[in-house]
Peer 1: 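Have a look at the structure that comes next, please.
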Amino acid sequence: MQKRLLGSSGLEVTAVGFGAMTIGGRFGPVDDNESLRALHAAIDGGINFIDTSNAYGEGRSETIIGKFLAERSGSEDIIICTKGGNSFETLPSGGWGRDFTSAFIEKCLEESLRRLGREAIDLYLLHNPKLDDMKAEDCYAFLEKCKDNGKLRAWGVSVNTAEECDYAIESKKPTLLQMEYNVLEQEAAESFARAKGKEVGVICRVPLKRGFLSGRFDETAEFGEDDMRRRILTAENIRKFQEKLNRLRDVAGQLNLSPAEVAIRFCVSNPNISTIIPGIRTEEQARQNAASGDPLPIEAVKRLLE
């Protein structure tokens with residue numbers, strides 16, 4: 001699989017990586033042994049990048065990855081990205097609180113290192129800071145110190161809006177950013193181009209829109225209470241997304257590919273993206289995603305652009 005530079009970090013990452021939110025249980029029950037097999041299959045297929053967070057199963061995803069790294073020969077060559085800042089204190093709105101002070105991020109980082117079984121982490125992201133959090137720069141000096149003493153190779157931010165992307169880029173502080181981008185959500189494309197010009201690495205998340213772009217769900221889909229897709233893939237949203245899914249299916253049929261492969265390769269086709277992290281749950285998904293690292297033909301990309 002082709003590799004791309006991750007901004008100014010000096011790291012070369014495969015065009016497709018392993019998104020490890022799924023193995024933390026955010027999409028319903030998972031089998032840890034199946035997760036381990038999926039991790040091995042991904043690396044066997046040529047993937048060298050794994051993205052996780054302390055939030056995924058409140059450490060479960062990192063713990064499974066740590067077990068995998070301990071049993072995998074040559075694991076020192078696998079690039080690990082994790083995130084911190086989630087306090088796990090439930091807010092009145094139902095979501096989690098976040099804390100980006102130096103003391104709390106230090107606590108998150110040390111816990112992640114322990115779970116992953118590593119003395120240093122390649123990439124560390126602040127998990128969904130708002131603009132005010134980034135402007136405060138509460139933990140930036142701490143992260144730079146960790147970089148200087150070898151505990152981190154590079155740090156950045158995982159954000160939710162183009163405005164947050166642009167601020168991170170223009171501030172010239174984070175070395176990389178992570179943002180949603182897919183056939184349905186293309187707003188970040190201009191921000192990604194600016195990031196490339198400033199040597200800020202870009203990690204593309206949610207390329208399959210929580211599995212919707214695989215074509216497996218219609219408006220009758222039902223999800224369990226502990227499955228975060230229940231608030232994203234509502235019947236209303238599925239109806240709203242249907243036109244673009246139909247276009248994706250048409251392109252997939254013409255290329256004799258699955259909709260999921262075309263959706264991933266659409267993201268790979270953007271030269272401003274360093275790596276794409278589809279969620280992986282099974283060995284088969286790992287093998288399929290590892291085989292999806294080539295760009296689409298230009299005409300196919302044009303059909304899927306807004």
Side-chain angles (χ1 to χ4, degrees), residues 1-9 13-17 19 21 49 51 81 123 125-126 128-131 134 156-214 232 237 240-252 255 257 259-279 289 292-306:
M1 188 191 303
Q2 64 168 295
K3 292 183 179 179
R4 298 175 176 180
L5 277 174
L6 188 60
S8 60
S9 71
V13 293
T14 47
V16 178
M21 176 185 281
F49 181 79
D51 175 273
C81 174
L123 308 170
L125 305 183
L126 302 181
N128 297 339
K130 302 296 185 185
L131 273 176
M134 287 190 281
V157 292
S158 176
V159 294
N160 290 309
T161 69
E163 183 182 15
E164 291 164 354
C165 268
D166 291 339
Y167 181 82
I169 295 162
E170 295 306 320
S171 73
K172 301 180 181 179
K173 299 292 176 63
T175 302
L176 58 149
L177 63 86
Q178 183 176 122
M179 173 73 180
E180 178 174 351
Y181 176 80
N182 52 53
V183 170
L184 298 172
E185 308 287 348
Q186 300 178 26
E187 179 187 10
E190 292 184 4
S191 298
F192 290 174
R194 285 190 284 274
K196 181 73 172 287
K198 301 282 189 178
E199 294 189 300
V200 174
V202 172
I203 301 169
C204 164
R205 72 168 184 261
V206 201
L208 296 175
K209 194 62 178 180
R210 308 303 185 197
F212 176 75
L213 292 173
S214 69
I232 298 168
N237 280 342
K240 183 174 69 174
F241 298 153
Q242 195 62 48
E243 182 180 347
K244 287 189 177 180
L245 176 60
N246 290 340
R247 195 187 313 169
L248 175 70
R249 282 173 164 155
D250 288 344
V251 171
L255 297 175
L257 299 171
E261 182 173 350
V262 172
I264 293 171
R265 289 178 60 179
F266 169 78
C267 299
V268 172
S269 300
N270 186 324
N272 302 317
I273 293 172
S274 303
T275 187
I276 296 94
I277 50 167
N289 290 356
S292 302
D294 294 323
L296 291 171
I298 292 174
E299 288 306 313
V301 174
K302 287 181 179 177
R303 284 205 61 198
L304 296 172
L305 287 171
E306 288 182 336

Peer 1: Quick one: does Leu131's side chain get under 4.5 Å of Glu163's, heavy atoms only?
Peer 2: yes
Peer 1: For the pair Thr161 and Glu187, evaluate side-chain contact (heavy atoms from CB on, under 4.5 Å) and give the outcome as yes or no after the intermediate values.
Peer 2: CA-CA 9 Å; Thr161 69; Glu187 179 187 10; over 6 Å; no
Peer 1: For the pair Thr175 (side chain) and Gly156 (backbone), establish whether a donor and an acceptor sit closer than 3.5 Å, ignoring hydrogens and angles.
Peer 2: no
Peer 1: List, one per line, each side-chain donor-acceptor pair under 3.5 Å for residues 260-271, sequence neighbours excluded.
Peer 2:
unit_1 : atom_1 : unit_2 : atom_2 : d
Glu261 : OE2    : Arg265 : NH1    : 3.4
Arg265 : NE     : Asp294 : O      : 2.7
Arg265 : NH2    : Pro295 : O      : 2.9
Ser269 : OG     : Arg265 : O      : 2.7
Ser269 : OG     : Leu296 : N      : 2.8
Asn270 : OD1    : Asn272 : N      : 2.9

Peer 1: What's the verdict on side-chain contact (heavy atoms from CB on, under 4.5 Å) for Leu184 and Phe212, showing C-alpha distance, side-chain angles and the deciding distance?
Peer 2: CA-CA 10 Å; Leu184 298 172; Phe212 176 75; 3.9 Å; yes
Peer 1: For the atom pair CG (Leu208) and OG (Ser214), what is the distance rounded to the nearest 0.5 Å?
Peer 2: 6.5 Å
Peer 1: Please round to the nearest 0.5 Å and tell me the distance separating atom CZ of Phe241 and atom CG of Leu213.
Peer 2: 8.5 Å
Peer 1: Is the closest side-chain donor-acceptor distance between Glu164 and Asn160 under 3.5 Å?
Peer 2: no
Peer 1: Determine whether a donor-acceptor pair (N or O, by modelled atom type, separation under 3.5 Å) exists between the side chain of Arg205 and the backbone of Pro278.
Peer 2: no
Peer 1: Evaluate the side-chain proximity of Ile273 to Val202: yes if any heavy-atom separation is below 4.5 Å, no if none is.
Peer 2: yes
Peer 1: When rounded to the nearest 0.5 angstrom, what is the spacing between CE in Met1 and CG in Asn289?
Peer 2: 8.5 Å
Peer 1: Could you pull out all residues at least two apart from Lys240 that satisfy side chain to side chain contact (heavy atoms under 4.5 Å, CB included)?
Peer 2: Asn237
Peer 1: Pick one: which of Gln186, Glu185, Glu180 meets side-chain hydrogen bond (donor to acceptor under 3.5 Å, both in side chains) with Asn182?
Peer 2: Glu180
Peer 1: Might you work through the side-chain contact (heavy atoms from CB on, under 4.5 Å) test for Thr275 and Val16, ending with a clear yes or no?
Peer 2: CA-CA 5 Å; Thr275 187; Val16 178; 5.7 Å; no
Peer 1: Enter the distance from Gln178:CD to Cys204:SG here, rounded to the nearest 0.5 Å.
Peer 2: 9.0 Å
Peer 1: Taking all atoms of both residues into account, what is the closest heavy-atom pair of Leu255 and Ala300, and its distance?
Peer 2: CD1-CB, 4.1 Å
Peer 1: Can you tell me if CD on Gln2 sees more than 12 non-hydrogen neighbours from other groups inside 6.0 Å?
Peer 2: yes
Peer 1: Please round to the nearest 0.5 Å and tell me the distance separating atom CG of Leu6 and atom CD1 of Ile203.
Peer 2: 5.5 Å
Peer 1: In chain order, what residues pass the side chain to side chain contact (heavy atoms under 4.5 Å, CB included) check against Asp166, with sequence neighbours excluded?
Peer 2: Ile169, Ser191, Arg194
Peer 1: Tell me the closest heavy-atom pair linking Gly293 and Ala15, and the distance in Å.
Peer 2: O-CB, 4.1 Å
Peer 1: What closest approach, in Å, do Ala195 and Leu177 show between heavy atoms, and which atom pair accounts for it?
Peer 2: CB-CD2, 4.4 Å
Peer 1: Is there a side-chain contact between Leu123 and Phe49 (heavy atoms, below 4.5 Å)?
Peer 2: yes
Peer 1: For the side chain of Arg4 and the backbone of Thr14, is there at least one donor-acceptor N/O pair under 3.5 Å apart?
Peer 2: no
Peer 1: Would you compute the distance between atom NZ of Lys130 and atom CE of Met134 and round it to the nearest 0.5 angstrom?
Peer 2: 9.5 Å
Peer 1: When you look at Leu245 and Arg249, which way does the side-chain contact (heavy atoms from CB on, under 4.5 Å) test go after all the steps?
Peer 2: CA-CA 6 Å; Leu245 176 60; Arg249 282 173 164 155; 3.8 Å; yes
